[in-house]
Structures are given as structure tokens and as C-alpha cells.
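Working notes, beginning with the structure itself.
Not measured: the values here are computed from a predicted model. Position 1 is the first residue of the sequence; numbering continues from there. In listed order, ligands and their atoms are each counted from 1.
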Amino acid sequence: MKEEILKFFKGDVEDNEEILIKYSHDASLLEVRPTIVLFPKDSLDVQNLVKWVAQNKDMYVHPANDGAQLSITCRCAGTDMSGGAIGESIILDFTRYMNKLVGGPLPLRNKSEWEITVQPGMFYRDFEKITKEKGLILPCFTASKTINAMGGMYGNNSAGERTLKYGKMEDYILSAKVIFADGVERMVQPFLVKDISNKEEIYKQVYNLIEQNKEEIILAKPKVHKNSAGYYLWNVIQDNVFDLNKLLVGSQGTLGIVTEMTLKIIPDIKHSKLVVIFMKDLAPLGNLIAEILTLSPETLETYDDKTMRLAVKFFPEFLKNKGFFGMIKFMWSFLPEFFMMITSGFPKLISLAEFAGEDEIIVQKKCEELVKTIKDFKLETHITASEIEANKYWDIRRESFALLRKHVSGKRTAPFIDDMIVRPEFLPKFLPELNNILEEYKSYLIFTLAGHAGEGNFHIIPLMDFKRSNTAQIILELGEKVYNLVVRYHGSITAEHNDGLIRTPYLAKMYGENMVNIFYKIKTIFDPENIFNPGKKVPTKNQGGTKEYIASHIAKEHDADHAA
Ligand SMILES: Cc1cc2nc3c(=O)[nH]c(=O)nc-3n(C[C@H](O)[C@H](O)[C@H](O)COP(=O)(O)OP(=O)(O)OC[C@H]3O[C@@H](n4cnc5c(N)ncnc54)[C@H](O)[C@@H]3O)c2cc1C
């Protein structure tokens, strides 16, 4: 296969043992060994590859899996937690060469919005350096922003702490160059619905499918703030505008391959402050969130007592890279937590409401207004005095997962119920029920709870001992129970981390068979031969999307966290 590919491919083609092992993993708990890994030099490489795969699909059958034919799994930084960036056949990694700035940032509309064009393999951390130089930001950045790349954000419709106010990746894609299954690159951008008759077949078919199933699609929409499960059909036709990017963003490379994207970015906020709220009892959480949201905070994040305990216990970890004076100040800022731990124990939940703006005094006033607004809840609150102090709380929120995984020996992170979302008003009932389910399995896993409380989105990433023979059984059993609960509360099984191999089997549970059939039809419109990332979003025989595939591909030797 290598010789054949090298006839038309300018980039690198690698299939040595080391590379195949490395690319058998992303940040999920799964392991799938690819056949070959390619690093394209440019869009033409990708176009030629897609054409070659389409023509030769039946000729190369995976040696260890006689059901798996040629296919392409796109990959950027490989931090996907769902198994979306692993596959049996060809892995196409964009980070080695297709990682450049193409143009911008250029101002739009009185400089309140800007545009920038990049290739998918650019790491977010490099992207942010460029935007921050001009005081600009892509506000849907993830908690993995130091390790992920732009193509993965497109593939997963990524989101983060500022999504509450600023939306997800789909809200920032102005246009994109996408290679479809015929190997032709198209510029995908919004157009008026009335012009649909002039567009090519693929656009018309998507339009007709959505129109013909309008009621079913509207009915199936989970009533939550953000959702990455299934194909996102709800925003393709909006206000007389047809925008295919709304569907392609978040489709995990199963419908096409993005080779360039033009993003909207906005001025970053100058001043911000946190109100830290300590809760001993979860019961008032739903009402509290509703009160806080009336004041439109930038972010509303939360973490539990176990996370806080870990942070205090291992707080020297946080001192790294802070410098001598930064270290002293940081240690000093931890004193109240030490005191709290010794005197009255930790609160059950800590919430962070962030307010921001151009004027520091107004920001301080907003924080004070919040403290006043929630005074009837009789909770301990604290307004951070400095950026260093605010960073302490952010560090704990962002680093909790890393801390947990580093300090519990013999166990590994197992993301499979890592991203559920329900409406915040359901949380007071939902969280105790969730806790009851998790309690049943406490001899098998250790976990912390952290998340985007303002949206009702929680990340539970348990640590499990993968040497136990019943790990797969526990994962499937617990997954089933947790997702039944999520569906009962009309939530989504994934708000931002997407379906991949780990959640595709549960899409029918969440949406019902009719919707899943519509997803099949979408896949068939774009990719009738199933050459793009099989087994994700719709199941594919022997290549994923089933519970059996999960059970037989749980990573054994390798630490699934390597990508993170
Ligand atoms: C510690 C940790 C924290 C995280 N926090 C968050 C968070 O806060 N919010 C969040 O949304 N996610 C989070 N994630 C998940 C993940 O980091 C994000 O989804 C991220 O944006 C993926 O980027 P990546 O470059 O690693 O993509 P990859 O893992 O390489 O790929 C992600 C998906 O995009 C597809 N893809 C890649 N390139 C292309 C392309 N060129 N064309 C089409 N499809 C493509 C892949 O096939 C795959 O399905 C977290 C992960 C970790 C490990």
C-alpha cells in the first residue's frame, strides 16, 4: 500500500511499529491499530488520497480485520476522548505540515469582530499567540487548549468555559474548505435558502432531507444549552440562510475533510473577577444557578470537594512554572483553604461565577451585585482580589483531571460518562440520582466531578483498574445506567466531547430509531462508500459504533492519557 500511495502523495507515509502504536490511541480509553499513518503536505495531497481510497476501497482489506476496508480517519492533536481520532485503516495527521496561518487577523464590522484563516493542523496554543498579539480571542477555547489543534475543534464542535456566553465552535466558522468523498475541495459557506436550486446535488439532498423530516428533527432536539451527539441538523437552515458548516462542524470527519477554515474572532475582555461560592448542600443548586444566570456572568464553572481535596493535597504540583515570587503569592492564596480543611471540612461544591468588562470598577460592582442577589441562599462567598488568586481557582478547575490521573497508582482514566448535560434546573434531582448510581460502583472506580454548571454540563472521568477482567462489563453497564438517567432528564449524552466510538452505540437510546435513520441518510448523502472515519456517528460492521466493538478495543497496555 505504501508504494502505491507514494506515487501520488508528497507528504510523509509511515508504517513502522512505533508510529502504529502511537496512533492506536487518542485520549479515549480505546485502542485501535491503524494500517498506515500519513502526513499531508497540502490540500492536493488530501484530494489525491481521497480519490485513491475511493477507487481502491475493496482492494485493501485490513489484515487483522476482514471487515475493514480502506478508509481515512483525520487527526490533529489526538486529544479526542471519544475514540474519534483512531481507526483501522489510514490515519491522516495534519499537525506536521498543514499547520499554517493562511491570512489575517483582519477587522470586520468596526473591529468588533475579526476574521482569521488557518490550516487545521495549527495547535490552538500557536493560534492564540497570533490572536492575543492583537488583543483578540476565539472564545470557544477548550480546557485542553494547550494541547489541542484547530481541526479537532472543527471536528468536534468544541466548547469551553466561555461557551455559556459566547457559544461553540460552530458559531465561529465563517467558511471552510472541505474535501468531499469525490476528492474535490469545495468552499463551504452560508447562502440564501432561495438559491438552493442553483447548488449541487449534495446541498439539495441535505435540504430535502431536513425539510421532509422537519417535525421529527425538531422534536428530537435535546433541550440543553449545547449538544455534540449525532449529526447536528438543527442549525443548517436558519433565518432563510443555508449553512452546511453547521452540520460539518462536529461531524468528526465522517462527512468530509476540512483543509482550511476562516474563523470569526473577537476582542478579548480586559478585566475579569470571580465570585467563588461554597456550598455544603447541593439541594439549592438549580435555583442558585438560575439566580446567577440572571446577571449574565461570562462563565459559571463548578467542581466538587474531591477535586478541592486533591488540589490541597498535591498543591506543590501547581507551583511548577510560577517562579519564586509567584510561588510565594500562590501558596499564600491557599491559606484560607488549608484553614477551611482543618476547621470545618470542605464544602460539597465550589462554583466560580466570572464577570468581565472593560472597566474594573464596573466588574467589581457586578460581583458585589451577585453576592447581594444570592444572599438569601446563606452561602459563603468570596470575591477574588487579584488575578493570581483567581488563577488558583481556575488551575484547580482545569487541572483536576490531570492531578487525579497522576496520583492514583495502578489506575487509568476511563472517559465514557465524561460529558453529559441536562438543563440546570434538573441538577438538584439529577446529581443525587447520578451519585447513587456511581456509589454502586465505588469499589471499581474513583472519580471527581467538575463542569460547566451554568449549562448543566458535567465531566466525570473515573479512574479504573484496567487489569481487572470485568472492566469492559463495568464500563458498559454503568454507561447504560447513566445514559438512561440523562435521557430521562431530556439531556444529551455529550455536550462537547462528541460521540466517537464510545458513544455512537447510545445514539439510538438518546434520539430513537427514526432519528438514527436520518443520521444514516446524512452519512449516505456525503459518503456513500463509507470512506470517512467509519464507526463514528453511524455504526459500521467490524469498525465500530457497537458495544461489542468497545468491549473488544479497550486499551490494555498503553496509558490512554498520553495524548492529554
Ligand atoms: C484533558 C482534556 C480536556 C478536554 N477539555 C475539553 C473541553 O473543555 N471542551 C471540548 O470541547 N473538548 C475537550 N476535550 C476534548 C478534545 O481536546 C477537543 O475535542 C479538541 O478540540 C480536539 O482537538 P484535537 O486537535 O486533539 O483533535 P483530534 O483528537 O485529533 O480529532 C478530533 C476529531 O476531529 C476530527 N478531525 C481532525 N482533523 C480533522 C479535519 N481536518 N477534518 C475533519 N475532521 C477532523 C477527528 O477525526 C476526530 O474525530 C478535552 C480533552 C482532554 C484530553
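Considering backbone and side-chain N/O of Gly256, none are found under 3.5 Å from N/O of ligand 1. At a 3.5 angstrom cut-off on N or O pairs, Ala143 counts as close to ligand 1. The shortest N or O to N or O distance between Ser144 and ligand 1 is under 3.5 Å. Considering backbone and side-chain atoms alike, Tyr154 places every N or O at 3.5 Å or more from each N or O of ligand 1. Residue Ala159 places at least one N or O, backbone or side chain, under 3.5 Å from an N or O of ligand 1. Of the N or O atoms in His452, none lie within a sub-3.5 Å distance of an N or O in ligand 1. Here's the thing with Gly84: one of its N/O atoms is less than 3.5 angstrom from an N/O atom of ligand 1. Some N or O of Ala77 is nearer than 3.5 Å to an N or O of ligand 1, by distance alone. Between Gly78 and ligand 1, at least one N/O pair is under 3.5 Å apart. Of the polar atoms of Cys74, at least one N or O is found under 3.5 Å from an N or O of ligand 1, judged by distance alone.
Both the sub-6.0 Å distance and the 45° axial angle are satisfied by Lys306 relative to the ring of Phe447. The cationic atom of Arg503 (NZ for Lys, CZ for Arg) does not lie both less than 6.0 Å from the six-membered ring centre of Tyr506 and within 45° of the ring axis. Taking the ring axis of Phe141 as reference, the NZ or CZ atom of Lys145 stays within 45° of it and closer than 6.0 Å to the ring centre. Cation-pi geometry between Arg397 and Tyr303 is not met: the NZ or CZ atom fails to fall both under 6.0 Å from the ring centre and inside 45° of the normal. A cation-pi arrangement is present between Lys41 and Tyr97 under the rule of less than 6.0 angstrom and at most 45 degrees off the ring axis.
Each of Val37, Thr35, Leu70, Val13 was compared with Ile90 under the side-chain contact (heavy atoms from CB on, under 4.5 Å) criterion, and only Leu70 meets it.
Taking a cut-off of under 4.0 Å to the non-hydrogen atoms of Gly253, the atoms of ligand 1 that pass are 43 (C), 44 (N). Within ligand 1, the atoms closer than 4.0 Å to a non-hydrogen atom of Ile257 are 42 (N), numbered from 1 in the order shown. Residue-ligand proximity, Phe94 to ligand 1, at heavy-atom distances under 4.0 Å covers atoms 41 (N). Counting the atoms of ligand 1 from 1 in the order shown, those under 4.0 Å from a heavy atom of Asn533 are 47 (O), 49 (O). Annotation for ligand 1: atoms under 4.0 Å from non-hydrogen atoms of His497 are 6 (C), 10 (C), 12 (N), 13 (C), 14 (N). Residue Ser158 has at least one heavy-atom neighbour below 4.0 Å for each of these atoms of ligand 1: 11 (O), 18 (C), 19 (O), 20 (C), 21 (O).
Counting heavy atoms closer than 4.0 Å to ligand 1, residue Met81 contributes side-chain atoms (C-beta onward) but none from N, CA, C or O.
If you look at His459 and His497, their ring centroids are closer than 6.0 Å.
The SG atom of Cys74 sits 4.0 Å away from the CD1 atom of Ile257 when rounded to the nearest 0.5 Å.
Summarising the local packing, CD of Gln189 is surrounded by more than 12 heavy atoms from other residues, nucleotides or ligands at distances under 6.0 Å.
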(message) salt bridge (charged side-chain N to carboxylate O under 4.0 Å, His left out), that's the test. Do Asp268 and Arg162 meet it? Break it down for me.
(response) CA-CA 11 Å; Asp268 200 4; Arg162 292 213 195 150; 3.2 Å; yes
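In summary, Glu14 and Arg96 engage in a salt bridge, as defined by a charged side-chain N under 4.0 Å from a carboxylate O. Under 4.0 Å is where a charged nitrogen must lie from a carboxylate oxygen, and between Glu496 and Lys226 at least one such pair does.
Judged by the shortest distance from any of its heavy atoms, Asp26 lies outside the 4.0 Å radius around the atoms of ligand 1. Distances from ligand 1 to the non-hydrogen atoms of Ser228 include no value under 4.0 Å.
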